[in-house]
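FYI, the numbering just counts along the sequence from 1.
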Amino acid sequence: MKIGDLNIEVPIIQGGMGIRASMSRLASAVANQGGVGVISGTAISAEELKDEIRKAKELIVKKGGALGVNIMVAASNFAEAVKVSIDEKVDMIICGAGFSRDIFDTVKGTGVKLVPIVSSLKLAKIAEKLGADAIVVEGGNAGGHLGTDKDSWDIVEEIVKGVSIPVFGAGGVITPEDADRMMSLGVAGIQMGSRFIASEECEVSDEFKQAYINCKEGDVVQIMSSAGLPANAIKSSYVEKVINQEELTPKDCTSCLKKCNRKFCVRDTLVKAHKGDKENGIFFAGKDAWKIDKVLKVQEIFDLFKPSVLKKV
């Protein structure tokens with residue numbers, strides 16, 4: 001498929017998962033399979049992001065895929081990460097957890113494709129009017145921060161019919177059958193996050209991956225993030241404390257978010273989870289992560305999903 005003049009061999013976007021869950025190793029592996037590999041540029045330094053982009057480019061040895069950077073609009077380093085991504089000439093910038101109008105002017109004329117994450121037809125139309133090259137439509141069944149309480153299955157088709165730019169469906173795509181269902185709604189491709197967490201190339205700990213393997217249906221619950229957005233996470237002792245509104249105010253704060261209620265530190269809890277700390281970490285996951293039963297190589301994931309997403313091509 002094409003996004004403007006950018007050719008993508010396999011219309012699969014790997015979700016940009018922070019903090020440091022999707023970095024150069026995973027992104028390059030996805031790009032080498034012909035998909036869109038995505039580095040999470042949120043809450044890391046400009047220098048680290050620059051290094052990760054350059055590492056990924058060195059590791060991408062096959063043509064047909066693309067390299068993107070995902071940046072949370074809610075993050076304090078949003079503008080800086082956008083600048084680094086443009087300077088390093090990534091193929092696309094994907095932005096969610098908020099909506100920025102300013103970024104459209106910033107990216108215009110750079111050759112970098114801009115792909116906002118939206119959760120409503122209204123915002124999809126605004127993004128198209130402002131110059132988005134494509135959009136990701138994400139429902140409330142996705143992992144991490146959410147923009148709606150409606151599942152992707154309930155919003156995607158309406159948005160596909162309401163815009164003329166390519167639409168990628170996200171949220172609830174864990175199995176090839178899920179991909180078939182999403183593609184039947186008319187999308188140009190899919191975005192998957194949770195499925196790529198449970199990949200050999202993902203740079204989180206084995207304990208984090210096993211949390212996905214071990215979780216059962218109903219184990220993913222919604223919490224209110226300190227970023228002021230709802231989020232889906234696997235049940236844990238820390239998540240229970242967040243739900244019960246226990247006193248978790250961080251002693252130190254790096255002001256990584258533009259707005260934060262400081263009821264707990266989402267940055268630190270994500271970092272701890274990625275390191276495998278089951279007591280003090282928050283394990284973001286899509287509602288259907290329970291369907292994942294094994295850790296696979298990125299190539300194996302693509303072998304499973306390519307028949308679904310290439311049916312229309």
Side-chain angles (χ1 to χ4, degrees), residues 3-6 8 13-24 26-28 30-31 36-57 60 65-119 123-124 126-138 142 144-147 165-166 168 170 191 193 225 227-229 254-260 266-267 270:
I3 299 178
D5 57 1
L6 177 65
I8 300 171
I13 298 175
Q14 160 247 313
M17 300 164 288
I19 299 164
R20 298 187 181 89
S22 54
M23 302 297 273
S24 55
L26 176 58
S28 60
V30 170
V36 182
V38 179
I39 295 168
S40 174
T42 297
I44 62 174
S45 69
E47 200 58 38
E48 185 177 4
L49 177 56
K50 186 187 298 182
D51 289 345
E52 288 296 319
I53 293 170
R54 292 180 180 182
K55 282 180 193 175
K57 286 187 173 184
I60 298 171
L67 177 64
V69 173
N70 179 293
I71 314 164
M72 283 176 57
V73 176
S76 298
N77 72 327
F78 177 71
E80 184 180 37
V82 167
K83 184 179 185 305
V84 170
S85 302
I86 292 170
D87 290 346
E88 293 300 314
K89 297 180 172 58
V90 299
D91 295 307
M92 69 172 66
I93 293 173
I94 301 169
C95 48
F99 189 82
S100 168
R101 291 175 179 266
D102 294 339
I103 191 176
F104 290 89
D105 287 335
T106 303
V107 173
K108 190 175 181 179
T110 65
V112 177
K113 306 306 177 198
L114 183 57
V115 184
I117 298 174
V118 301
S119 299
L123 209 53
I126 291 171
E128 181 179 31
K129 185 176 180 179
L130 290 172
D133 296 286
I135 54 173
V136 172
V137 176
E138 188 172 271
H145 293 104
L146 308 168
I165 54 178
F168 288 80
Q191 175 178 285
S225 169
L229 294 166
T254 61
S255 299
C256 64
L257 296 170
K258 293 172 185 173
K259 294 181 181 180
C260 180
V266 67
R267 179 185 183 278
L270 288 177

- Distance-only, no hydrogens or angles: does the Asn77 side chain make a donor-acceptor pair with backbone N or O of Ile44 under 3.5 Å? yes
- Between atom CD of Glu128 and atom CG of Leu123, what is the distance when rounded to the nearest 0.5 Å? 12.0 Å
- Task: Find the distance between CG (Leu130) and CZ (Phe99) and round it off to the nearest 0.5 Å.
- Result: 5.5 Å
- Heavy-atom closest pair (Val73 atom, Gly98 atom, distance to 0.1 Å) is CG2-O, 3.6 Å
- Message: Between Ser40 (side chain only) and Ile19 (backbone N and O only), is there a donor and an acceptor less than 3.5 Å apart?
- Response: no
- Query: Judged by atom type as modelled, is there a donor-acceptor pair below 3.5 Å linking the side chain of Asp91 to the main-chain atoms of Gly68?
  - Reply: no
- Nearest heavy-atom pair of Ile135 and Ala127: which atoms, and what distance? CG2-CB, 4.1 Å
- Query: Do Asn70 and Ile117 have side-chain heavy atoms sitting under 4.5 Å apart?
  - Reply: yes
- Item | side chain to side chain contact (heavy atoms under 4.5 Å, CB included) between Cys95 and Ile103, intermediate numbers included | CA-CA 9 Å; Cys95 48; Ile103 191 176; 4.2 Å; yes
- Query: Nearest 0.5 Å, what's the CD1-CD1 distance between Ile8 and Ile3?
  - Reply: 3.5 Å
- Please confirm whether the backbone N or O of Thr106 pairs with a side-chain atom of Thr110, one donor and one acceptor, at under 3.5 Å? no
- Message: Is there a side chain to side chain contact (heavy atoms under 4.5 Å, CB included) between Asp5 and Lys113? Walk through the geometry before answering.
- Response: CA-CA 9 Å; Asp5 57 1; Lys113 306 306 177 198; 2.7 Å; yes
- Message: Nearest 0.5 Å, please: how far is CE in Met92 from CG in Leu6?
- Response: 5.5 Å
- Hey, what do you get for CG (Leu114) to OG (Ser85), rounding to the nearest 0.5 Å? 11.0 Å
- Between Ile60 and Ala31, which heavy-atom pair has the shortest distance, and what is it? CD1-CB, 3.7 Å
- Item | Considering all heavy atoms, the nearest Ala81-Gly41 contact | CB-O, 3.9 Å
- Ion pair present between Lys55 and Glu52, side-chain N to carboxylate O less than 4.0 angstrom? yes
- Message: Would Val69 and Glu88 count as a side chain to side chain contact (heavy atoms under 4.5 Å, CB included) here? Give the steps.
- Response: CA-CA 11 Å; Val69 173; Glu88 293 300 314; over 6 Å; no
- Take Ile86 and Ile93 through the test side chain to side chain contact (heavy atoms under 4.5 Å, CB included) and record every step on the way to the result. CA-CA 8 Å; Ile86 292 170; Ile93 293 173; 4.1 Å; yes
- State whether Glu48 and Arg20 are salt-bridged, where the test is any N-O pair (Lys NZ or Arg NE/NH1/NH2 against Asp/Glu carboxylate O) under 4.0 Å. yes
- Message: Looking at every non-hydrogen atom in both residues, tell me the closest pair between Lys89 and Lys57 and how far apart they are.
- Response: O-NZ, 3.2 Å
- Note on the structure: Here the gap from Leu49 atom CG to Ser24 atom OG, rounded to the nearest 0.5 Å, amounts to 10.5 Å
- Please report the shortest heavy-atom distance between Ala27 and Gln14, naming the atom on each side. CA-OE1, 3.5 Å
